[in-house]
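Here's the structure we're looking at; comments come further down.
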Protein chains: 2
Amino acid sequence: MQAANPVEPVHYDRPTVAVDVVIFSLLDDDLKVLLIRRNAPPFQGMWAIPGSFVHSDESLEAAALRTLQEEMGFQDVYLEQLYTFGDIGRDPRTRVISVTYFALMQPDMAQRRANVDAGETAWHSMYHLPELAFDHKLILDYALKRLRYKLEYSAVAFELMPDEFTLRELQEAYMIILDDHTLDKANFRKRLRHEPPIVEPTGEVRKTKGRPAALYRFREDAKREVKARRLFP
Amino acid sequence: MQAANPVEPVHYDRPTVAVDVVIFSLLDDDLKVLLIRRNAPPFQGMWAIPGSFVHSDESLEAAALRTLQEEMGFQDVYLEQLYTFGDIGRDPRTRVISVTYFALMQPDMAQRRANVDAGETAWHSMYHLPELAFDHKLILDYALKRLRYKLEYSAVAFELMPDEFTLRELQEAYMIILDDHTLDKANFRKRLRHEPPIVEPTGEVRKTKGRPAALYRFREDAKREVKARRLFP
DNA sequence: ACAAAAGTGTTGAGAGTACACCCATGC
DNA sequence: GCATGGGTGTACTCTCAACACTTTTGT
């Protein structure tokens, strides 16, 4: 709105603005994304990322949180803006600009989803996606790229893990998200010990078959670090 | 437009959508950004990032390119989407959602700016910014962060350099952008030799006082790489 | 010869990788 | 004891920062 000659924006033909939220979770040893089946044209019967139109009295992030509330029944998750898609033909009905977000949800949250609204929603594996409406395949590809990328340089993995976990479980999470099941156990753990350390033992253990595994939690300062280090505020 | 129950978006009260473009260039051994002085309220007399409202028949990128055309008279620059700002009160007149871009411009381009439109535009040092309208200070801070970040992992610097340059000039560019004038010459050059090499000698030299310096250019494949490696398409 | 800037080589510390090994528990 | 997974140490390579050094030009 900062044209050289500022004119009241109302003179312009305005596009519609939506938010779409890519909601990730780790369930059943797989990386899942929440999708909604469309029950009306266009793309009727196909799956889509949950979204809403942005109301004029709410911020973009508020609209994304409202979408989470509507689909999941709560909104305390990690949320980060992804990218804004605005090509002309992306919605065949009318011009829609979509500000996309991605959300990371702990598995216990993901499971107590109450399927709040009437629509048919389901977790889908990112590695076996159904046919998607609009340009949503593109959005998911991009979201995955960003998630993987953030995994390398920050401690976002925490947002997808339960409060307590073993180091093997954490390593599994990395391997699932990166789709690389060859990570070396010893080296993975060495990286966790690097300064500053991001996990700390709880003192408890989890019994498995074999030697019991120590339980860990994420350090509070590491969590703060994730937000501070955001390159995309 | 992907709500669980798709409704024609026209039912909603729609915000206005703008693009704002942060245009960087290296001039006079300084990192500069193009700003426009506002000649009407609000924020009259303050400086702002160039921008336009998005027309309903153009993509976001097209709107950003049109803004460049209007302010600079041409549009062949590096352009990348930055972030979308949509808080409620950011424009006191009405609700405006701003999709921001950042552009990198070679110095010869930046100099032949014909001050195309009537508004007062000027290059300002990123290190001595005037008071800015709206939330534009925030946008600039973020753009600088992203530029610095991209400098580390990709070869975007090329977009700010002339076609031919000496290695010292390239190092100067890095030091200006990173605001770190302690880079080691030998180590800087070693990094440039890493595979894959991103510069190649032209065979020409530039006379300075002292030993003449070999001229280099960026390799075409390195330029392509910059776009391919975009984590933010 | 000297100043000025271009350009290179050497060294040592630390990070990443591959891989082998030891430890605690249940049966 | 042995299977099962948890947990660690070592040795090798590679990257990178620090710094000293050599080379080519103009005056």
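The figures that follow rest on heavy atoms only: side chains count, while hydrogens, waters and symmetry mates do not. Convention: sequence-line order gives letters A, B, ...; per-chain numbering from 1.
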Next on the checklist: Tell me every residue that passes side-chain contact (heavy atoms from CB on, under 4.5 Å) with B:I177, counting only those two or more places apart in sequence or in another chain.
Outcome noted: B:L26, B:L31, B:L147, B:R148, B:L151, B:L160

Next on the checklist: Donor-acceptor check, side chain of B:R38 to backbone of B:M46, threshold 3.5 angstrom: yes or no?
Outcome noted: no

Item to check | All pairs passing salt bridge (charged side-chain N to carboxylate O under 4.0 Å, His left out) where residues 170-191 of chain A contributes a residue, at least two apart | outcome: A:R168-A:E172

Checklist entry - Salt bridge between A:E164 and A:R206, side-chain N to carboxylate O under 4.0 Å? => result no

Checklist entry - Within the structure shown, what part of the strands sits under 4.0 Å from A:R206 by heavy-atom distance: base, sugar-phosphate, or nothing? => result nothing

Next on the checklist: Below 30° counts as parallel, above 60° as perpendicular, anything between as tilted: where do the rings of A:F85 and A:Y83 land?
Outcome noted: perpendicular

Checklist entry - Roughly how many Å is it from CG in A:L192 to P in C:dA15, rounded to a whole number? => result 15 Å

Item to check | Contact letters for nucleotides 22-27 of chain C, in which S counts primed atoms plus P, OP1 and OP2 and B counts the base, heavy atoms under 4.0 Å | outcome: -BBB--

Checklist entry - Taking the six-membered ring for Trp, are A:F188 and A:Y174 ring centroids under 6.0 Å apart? => result yes

Item to check | chain A footprint on DNA chain D, 5' to 3' - any atom under 4.0 Å from a heavy atom | outcome: D:dT4 to D:dT10

Next on the checklist: Under a 4.0 Å threshold between the charged nitrogen and the carboxylate oxygen, would B:D141 count as salt-bridged to B:K145?
Outcome noted: no

Measure all distances between protein nitrogen or oxygen atoms and nitrogen or oxygen atoms of nucleotides 11-13 of chain C, and list the pairs falling under 3.5 Å.
none

Next on the checklist: B:Y101 and side-chain contact (heavy atoms from CB on, under 4.5 Å): which single residue from B:D20, B:L68, B:L60 fits?
Outcome noted: B:L60

Checklist entry - Do A:K150 and A:E80 sit within salt-bridge range, that is, some charged N less than 4.0 Å from a carboxylate O? => result yes

Checklist outcome for this item: The side-chain contact (heavy atoms from CB on, under 4.5 Å) partners of B:P197 (sequence neighbours excluded) come to B:E195, B:R219

Next on the checklist: At a heavy-atom distance below 4.0 Å, what parts of residues 164-189 of chain A sit against DNA chain C?
Outcome noted: A:D184, A:A186, A:N187

Item to check | Degree of bending in the helix from C:dA1-D:dT27 to C:dC27-D:dG1 once both end axes are built from five pairs, to 10° | outcome: 20°

Checklist entry - Can you name the side-chain hydrogen bond (donor to acceptor under 3.5 Å, both in side chains) partners of A:Q106, sequence neighbours left out? => result A:D163

Checklist outcome for this item: Sorted by chain and residue number, the side-chain contact (heavy atoms from CB on, under 4.5 Å) partners of A:D76 (sequence neighbours excluded) come out as A:F74, A:M109

Checklist entry - B:T208: what forms a side-chain hydrogen bond (donor to acceptor under 3.5 Å, both in side chains) with it, not counting sequence neighbours? => result none

Checklist outcome for this item: Those residues at least two apart in sequence (or on a different chain) that pass side-chain contact (heavy atoms from CB on, under 4.5 Å) with B:A213 are B:T166

Item to check | Approximate separation, where rounding is to 0.5 Å, of A:H194 NE2 and A:I198 CD1 | outcome: 11.0 Å

